[in-house]
Amino acid sequence: MAKFADRNEVCHVASELFHPTFRPGTPTPQSGIYICVNCRDEVAANRGNPLPPQNHHQHRNSLMPIAW
C-alpha cells in the first residue's frame, strides 16, 4: 500500500517523513507525490531528486511561499 498524508489529516500512515515542509529545490527524502501546502499543486518526485524550483509555478497571492 502507498504511504501518503494530507497536511490537514493523516490519511494512511502516520509517519514523521510526511510532516516537515520542504523548500523548492530541496532533495526529496522519499519518492512520492508532494503537495504545495499553500495552493495544493502536486508534483511527483523521486528520492534524492530536487523538488521543483521556485519558478515551477506561481501563486495568485505572492505572499504565500511555495512549500512542499
Atom of Ile66, atom of Pro24 and distance for their closest heavy-atom approach:
O-CD, 3.5 Å

From the list Thr26, Val37, Asn38, side chain to side chain contact (heavy atoms under 4.5 Å, CB included) partner of Thr21 resolves to Val37

Ignoring hydrogens, what is the shortest heavy-atom contact between Ser31 and Arg47? Give both atom names and the distance.
OG-N, 2.8 Å

Between Gly48 and Pro27, what is the shortest heavy-atom contact and its length?
O-CB, 3.8 Å

State, yes or no, whether a side-chain contact exists between Tyr34 and Leu51 at a heavy-atom distance under 4.5 Å.
yes

Could you tell me which non-hydrogen atom of Ile33 sits nearest to which non-hydrogen atom of Glu42, and how far apart they are?
CG2-CB, 4.0 Å

For Trp68 and Pro52 the tightest heavy-atom approach is NE1-O, 3.9 Å

